[in-house]
Amino acid sequence: MDSAQGSLGMSHPKNPRQHIVPRIYLKAFAVDSPPEDWPAGRPFTPYVWVIECSLKEEPVRRAPSQLLWQRALYTLAAEDPSDPSIEKYLSSIESVFASTITKVLAEQPLSPEDMAALAVFTGALAGRTPGMMEHRQSQVDEIQGLYRQVERGATGSETASDEFWKGSDEAGRRLILTTAGSYASVILPYAWLFINQSPVPLVTSDQPVTHLFLHVDELAGNGFPPELLNPEAQPSDRAFVSLTPLAPHVAMLSSPLLVPPTDSFYWRSSNIRIAVALNEWTRHHAQKVILSKYRNPYGPIREHAIELERREEASPRASGLQIYTKRNRYWIPSEDVVHGHGSHVLIGRLTFTTAELESVRLAAADGELVEINVYSDGRQVGAMRNARFISVASEPGQPSVIEMVL
């Protein structure tokens with residue numbers, strides 16, 4: 001964001017605003033008519049409610065044109081600021097989206113081309129945020145550093161690197177054009193539209209596209225019914241879930257763990273648990289704020305959400321091993337995981353004790369351990385793949401041992 005000024009939307013006529021979250025997208029989340037207490041004769045501009053992610057602060061009104069923009073955000077150094085190529089590209093995607101979203105909001109039948117347009121728009125929406133551009137730039141910078149190191153070691157100079165990497169300092173911006181299509185190709189085969197008929201309206205945020213990796217039982221736990229879940233998914237399978245709210249009553253979902261509707265691209269549900277889960281995914285993925293058509297979209301569960309989050313923050317962070325086999329996954333709590341090696345320095349070894357011996361026995365009985373992630377105080381501190389138990393404790397306090405299989 002272009003300092004706090006960009007967040008609040010102060011005017012800079014010589015530097016046109018380039019929106020992180022486009023106005024055409026926020027239109028469906030905007031209040032488009034004055035409230036009953038609006039003063040007579042006072043000009044009215046449609047607005048959205050801007051709500052701080054903790055839900056603790058008072059919401060504020062903001063017009064979409066005044067929200068989430070930055071000067072020269074997508075303008076490349078060598079081009080005319082009045083004719084930025086990336087902005088033109090994004091505008092063309094938004095134009096197609098404008099006609100498609102009209103069909104969606106009316107729940108009209110959609111063609112595969114309509115869904116492709118939504119997927120490309122979603123890809124651009126995900127890739128145009130400053131955080132994502134910085135992430136891409138850091139990846140390019142890391143590769144460039146290695147390239148230059150190799151050339152410098154071989155020739156003593158970086159002449160070829162200077163030419164090869166010219167303009168790479170703007171890769172984060174330039175790659176918006178590529179990554180929008182790439183993201184669309186990933187989500188399109190599984191994409192469908194959730195029509196929210198519950199009393200809980202969907203919200204969006206300053207980072208509108210949420211991309212998670214979940215397990216199928218986690219989706220079931222969030223209210224997704226069996227007919228929507230991929231029957232071939234195993235408890236050990238992790239897969240992406242892409243969520244893009246399109247309006248308070250519509251969201252685009254995509255995941256290999258979910259089975260798209262067969263008769264149309266729409267699936268309707270009044271299940272409050274699903275709506276709340278989608279809002280929580282959006283809220284926890286947001287940078288600073290969520291955006292809503294309603295002043296209090298959480299309604300009576302707002303205080304419950306605040307209290308639940310307070311308790312989670314106060315709870316001790318988990319330490320232990322997350323073990324994946326071919327069919328299952330197991331969480332084994334442990335405070336004393338020791339990293340070492342077996343008969344050879346390349347053979348990694350994990351030694352630990354735990355009171356959850358039943359989970360250890362079940363994991364050992366499953367055979368090959370496909371993946372193990374080690375956590376300390378909620379933070380991942382190690383990992384191992386392709387391993388097996390070589391020792392299983394028979395009582396608490398005895399160590400169990402896992403070793404890699406080369």
Side-chain angles (χ1 to χ4, degrees), residues 21 25-26 28-32 35-37 47-62 64 67-68 105 192-229 241-255 257-258 266-318 378:
V21 180
Y25 169 75
L26 290 177
F29 294 92
V31 178
D32 55 10
E36 292 182 0
D37 61 351
Y47 62 85
V48 297
W49 287 102
V50 182
I51 306 166
E52 196 264 335
C53 281
S54 72
L55 304 179
K56 297 176 182 178
E57 304 296 329
E58 282 298 307
V60 296
R61 296 185 179 107
R62 285 288 185 271
L67 187 65
L68 296 169
L105 297 179
W192 50 280
L193 297 170
F194 167 68
I195 302 300
N196 175 32
Q197 297 178 326
S198 83
V200 176
L202 301 179
V203 301
T204 187
S205 79
D206 51 9
Q207 193 157 295
V209 181
T210 298
H211 197 85
L212 306 170
F213 283 87
L214 298 175
H215 303 91
V216 69
D217 53 295
E218 292 176 304
L219 290 172
N222 280 312
F224 287 86
E227 64 267 22
L228 272 187
L229 304 179
V241 178
S242 175
L243 161 66
T244 308
L246 298 175
H249 71 287
V250 186
M252 187 164 78
L253 285 164
S254 174
S255 175
L257 299 177
L258 295 170
Y266 299 104
W267 185 77
R268 297 166 178 83
S269 175
S270 58
N271 190 323
I272 294 178
R273 290 176 62 199
I274 298 177
V276 171
L278 299 186
N279 281 348
E280 286 293 87
W281 294 350
T282 296
R283 182 167 74 95
H284 289 292
H285 189 70
Q287 290 291 313
K288 294 181 179 179
V289 296
I290 58 174
L291 310 170
S292 176
K293 190 169 187 174
Y294 304 93
R295 189 178 186 280
N296 181 17
Y298 274 67
I301 67 171
R302 173 175 171 266
E303 293 302 323
H304 175 72
I306 293 173
E307 176 61 17
L308 184 61
E309 194 160 271
R310 186 194 66 78
R311 291 181 183 179
E312 289 178 352
E313 290 174 353
S315 299
R317 304 297 179 184

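Both backbone and side-chain heavy atoms feed into the values below; hydrogens, waters and symmetry mates do not. Residue indices begin at 1 and follow the sequence shown.
Although no hydrogens or angles enter the test, the distance criterion places no donor-acceptor pair under 3.5 Å between the side chain of Arg61 and the main chain of Arg295. Of the possible donor and acceptor atoms, one in the side chain of Asn271 sits under 3.5 Å from a partner among the backbone N and O of Gly223. In this structure, the side chain of Arg302 engages the main chain of Leu55 through a donor-acceptor pair within 3.5 Å.
Around the NE2 atom of His304, the shell of radius 6.0 Å holds no more than 12 heavy atoms that belong to other residues, nucleotides or ligands.
Between atom CG of residue Leu246 and atom CG of residue Leu105 there is a gap of 8.0 Å, rounded to the nearest 0.5 Å. To the nearest 0.5 Å, the span separating CG on Leu229 from CG on Leu257 amounts to 8.0 Å. The distance from the OH atom of Tyr47 to the CZ atom of Arg62 is 13.0 Å, given to the nearest 0.5 Å.
Taking all atoms of both residues into account, the shortest heavy-atom contact from Val48 to Ala30 is CG1-CA, 3.7 Å. Counting all heavy atoms, side chain and backbone alike, Ser198 lies closest to Ser270 at CB-O, 3.5 Å. Taking all atoms of both residues into account, the shortest heavy-atom contact from Val289 to Cys53 is N-SG, 3.6 Å.
Evaluated for a side chain to side chain contact (heavy atoms under 4.5 Å, CB included) with Leu202, the options Asn279, Thr282, Val250 yield exactly one hit, Asn279. Under the side chain to side chain contact (heavy atoms under 4.5 Å, CB included) rule, Leu278 has a single partner from Asn196, Leu253, Val200, which is Leu253.
Between Lys293 and His249 there is no side-chain heavy-atom pair separated by less than 4.5 Å. Between Val241 and Trp281 the shortest side-chain heavy-atom distance falls below 4.5 Å. Counting heavy atoms from C-beta on, the side chains of Leu67 and Val21 never come closer than 4.5 Å. In this structure, Val203 and Pro245 have side chains that are not in contact, with every pair of non-hydrogen atoms separated by 4.5 Å or more. Between Ser255 and Leu243 there is no side-chain heavy-atom pair separated by less than 4.5 Å. Looking at heavy atoms from C-beta onward, Gln207 lies out of side-chain contact with Lys288 at the 4.5 angstrom threshold. When side chains are defined from C-beta on, Thr204 counts as touching Leu26, because their heavy atoms get closer than 4.5 Å. Here the side chains of Tyr298 and Ile290 are in contact, with some heavy-atom distance below 4.5 Å.
Classified by interplanar angle (parallel below 30°, tilted 30° to 60°, perpendicular above 60°), the ring pair Phe29/Tyr25 is tilted.
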- Task: Determine, step by step, whether Arg283 and Glu280 satisfy the salt bridge (charged side-chain N to carboxylate O under 4.0 Å, His left out) criterion, reporting the C-alpha distance in whole Å, the side-chain angles of both residues, the deciding distance to 0.1 Å, and the verdict.
- Result: CA-CA 5 Å; Arg283 182 167 74 95; Glu280 286 293 87; 2.9 Å; yes
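For an aromatic pair to be called close, the ring centres must be under 6.0 Å apart, and Phe213 with His211 satisfies this.
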